[in-house]
Number of protein chains: 2
Amino acid sequence: MGGQIPETKRRLIAAALELIWRSSYGSVSVDDICKAADVRKGSFYHFFPSKADLAVAAMDHADKELRATYDRIFSPASPPLQRLEELAAFIYDSQKQAAEKYGHACGCPCASLGSEMGAQEPEIRAKFDEQRRHKTRYYQNVIRDLVAEGLLPAASDVKAKADEMFTYLMGRVMLARIENDLEPLRRDLKDGIFRTLGLSVETIPAA
Amino acid sequence: MGGQIPETKRRLIAAALELIWRSSYGSVSVDDICKAADVRKGSFYHFFPSKADLAVAAMDHADKELRATYDRIFSPASPPLQRLEELAAFIYDSQKQAAEKYGHACGCPCASLGSEMGAQEPEIRAKFDEQRRHKTRYYQNVIRDLVAEGLLPAASDVKAKADEMFTYLMGRVMLARIENDLEPLRRDLKDGIFRTLGLSVETIPAA
DNA sequence: AGCGCTCTTGACTATTTGGTCAACAGGACT
DNA sequence: AGTCCTGTTGACCAAATAGTCAAGAGCGCT
């Protein structure tokens, strides 16, 4: 094991993700990242042509790490409503963990990076877009199952609903970071997803 | 006229807002701002104790500039549904203007600043929060009128609905910046507001 | 042994960074 | 005339910035 990615590179990616997630791309220097990863600067530029490239690699890493969790949450074995509830719970939990670790709400690192640097670094925008497509595939899948169960009308525009759900989640999480407040996340996220999809809340039995 | 704010200070604020809106706080240096405003650095630090303070002043300026427009959009003389439509149209238009001016979608400068620097500069977070409270007052007002017209149930939680509306709008606009795509804004913003408030779209006559 | 490869190192650089400061300009008020 | 006061200037600084490079370490292959 160990894989084909060298330890040093791995540490750089992990450190970059942590530091950027906690503060921001602009406030974290290459030296900061090297120090946190205990790597000398020459090694940094051996693996990454630039700071922006490391940021892209960090986004990629964050996404891949989430993949197993998403597969579990969106397991076709669970009833679709439960999948949504689990998604909401997972988002809140991971935000809470980050907030405890770093001292404040951190939002979504990829969205923050996208907002801060997407205009100046097209690869960052492209990576964000890739992840959006990736995540909305999970959402489309669960929405189709909701339609199959009769919880959503057969005429539903699955893709549009999935996009709306993504937008809603990103907005909520982003705002949680800006306002440093996870409470709305805990309180409203599940209902917000339901409302966004057009599931009437009364339909839903208390979980 | 001329007011008590000196020209130089005004130019610094305007330049900072433009540059930060276009790119980001971290990518814009004090020198950049001074150059754009044609002001020497000593003057900068005569008016602002730090770069972050100028950012706060810029947020404040952006908000105050919007005030007249909001007063017009939310005029109690217009039917409440029309106010919402006008808000959606205004948001799209101003985003489009910015996109044409700067070459890409720019989102909300205060939200971007809040996300990027809120954690490290508490005054930035505080200013964002002030503006959130400010804007949601407009939203609460129109929601109350919707209730009065029977378009929303009398039991509606006005404050919660206003907050949800703010969250929705911020999320949409932010995502437009990240993805550099105003089309979802143009296409879905009005309906999204309606859905977020719980106004069934069928209720609404085509405008 | 010798070659080639990936990885590592630390010293280096040129520029930029946010921020300071002493000096000064010019009007207003006495 | 002198003295505030606000605003302006450009020179200055120490630190940080992203990025470079030549030299070598270690390993696997032949």
Side-chain angles (χ1 to χ4, degrees), chain A residues 1-20 22-59 61 113 116-124, chain B residues 1-20 22-59 61 112-113 116-124 127:
Chain A
M1 54 189 61
Q4 57 274 64
I5 295 177
E7 244 296 294
T8 308
K9 188 173 183 179
R10 229 186 278 271
R11 282 211 307 278
L12 281 169
I13 290 173
L17 188 60
E18 282 213 354
L19 293 176
I20 293 175
R22 172 161 43 181
S23 51
S24 70
Y25 180 85
S27 329
V28 170
S29 73
V30 173
D31 282 322
D32 291 337
I33 296 167
C34 287
K35 212 169 183 178
D38 190 32
V39 166
R40 256 46 59 195
K41 232 213 295 244
S43 289
F44 182 109
Y45 285 99
H46 172 71
F47 290 113
F48 303 100
S50 76
K51 186 187 168 189
D53 283 87
L54 171 56
V56 173
M59 290 173 79
H61 172 73
L113 262 168
E116 185 181 350
M117 295 305 296
Q120 297 153 79
E121 300 284 349
E123 293 185 24
I124 287 181
Chain B
M1 53 187 56
Q4 57 273 68
I5 296 177
E7 243 297 294
T8 309
K9 188 172 184 181
R10 229 186 278 270
R11 282 211 308 277
L12 282 169
I13 290 174
L17 188 59
E18 281 214 356
L19 294 176
I20 293 175
R22 172 159 46 182
S23 52
S24 71
Y25 180 86
S27 327
V28 171
S29 72
V30 173
D31 283 321
D32 292 336
I33 296 168
C34 287
K35 212 168 181 179
D38 190 33
V39 165
R40 258 45 60 196
K41 226 206 299 235
S43 289
F44 182 111
Y45 285 99
H46 172 70
F47 290 113
F48 303 101
S50 77
K51 185 186 169 189
D53 284 86
L54 171 57
V56 173
M59 291 172 78
H61 173 73
S112 301
L113 262 167
E116 184 181 350
M117 296 305 295
Q120 297 155 77
E121 301 283 350
E123 293 184 25
I124 288 182
K127 181 54 75 178

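By convention in this document, chain letters (A, B, ...) are assigned in the order of the sequence lines, proteins followed by strands, and residues within each chain are numbered from 1.
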**Complete:** Rounded to whole Å, the NE2-P distance (B:His46 to C:dC24) equals 18 Å
**B:Tyr45 side-chain N/O to C:dG19 phosphate OP1/OP2 under 4.0 Å** = yes
**Prompt:** Going 5' to 3' on DNA chain D, which nucleotide is the first and which the last to come under 4.0 Å of a heavy atom in chain A?
**Reply:** D:dT17 to D:dC21
**Message:** At less than 4.0 Å, is any side-chain N or O atom of A:Arg40 found next to OP1 or OP2 of C:dT8? Yes or no.
**Reply:** no
**Message:** For a 4.5 angstrom cut-off between non-hydrogen side-chain atoms, does B:Ser24 reach A:Tyr25?
**Reply:** no
**Prompt:** For A:Phe44, is the NZ or CZ atom of A:Lys51 found under 6.0 angstrom from the centre of its six-membered ring and inside 45 degrees of the ring axis?
**Reply:** no
**Prompt:** Below 4.0 angstrom, N of the basic side chain to O of the carboxylate: do B:Glu123 and B:Lys127 qualify?
**Reply:** no
**Prompt:** Does any non-hydrogen side-chain atom of B:Ser27 lie less than 4.5 Å from one of A:Met117?
**Reply:** yes
**Request:** Please work out if B:Ser29 contacts a base, only the sugar-phosphate, or nothing of the nucleic acid, heavy-atom cut-off 4.0 Å.
**Result:** sugar-phosphate
**Request:** For A:Phe47, answer base if it contacts any base atom (sugar-phosphate contacts may also be present), sugar-phosphate if it contacts only those atoms, and nothing otherwise; contact means non-hydrogen atoms under 4.0 Å.
**Result:** sugar-phosphate
**Request:** For A:Asp31, check salt bridge (Lys or Arg N to Asp or Glu O under 4.0 Å) against everything at least two apart and list the hits.
**Result:** A:Lys41
**Request:** Write down the distance between CG (B:Asp32) and C1' (C:dG19), rounded to a whole number of angstrom.
**Result:** 15 Å
**Request:** Rounded to the nearest 0.5 Å, what's the gap from CD1 on A:Ile13 to OG1 on A:Thr8? Could you check?
**Result:** 11.0 Å
**Item:** For atom CG of B:Asp31 and atom C1' of C:dT17, their distance in whole Å
**Value:** 8 Å
**Prompt:** Which whole-number value in Å describes the distance from A:Leu12 CG to C:dT9 P?
**Reply:** 11 Å
**Complete:** B:Lys41 NZ to C:dT16 P, in whole Å, measures 12 Å
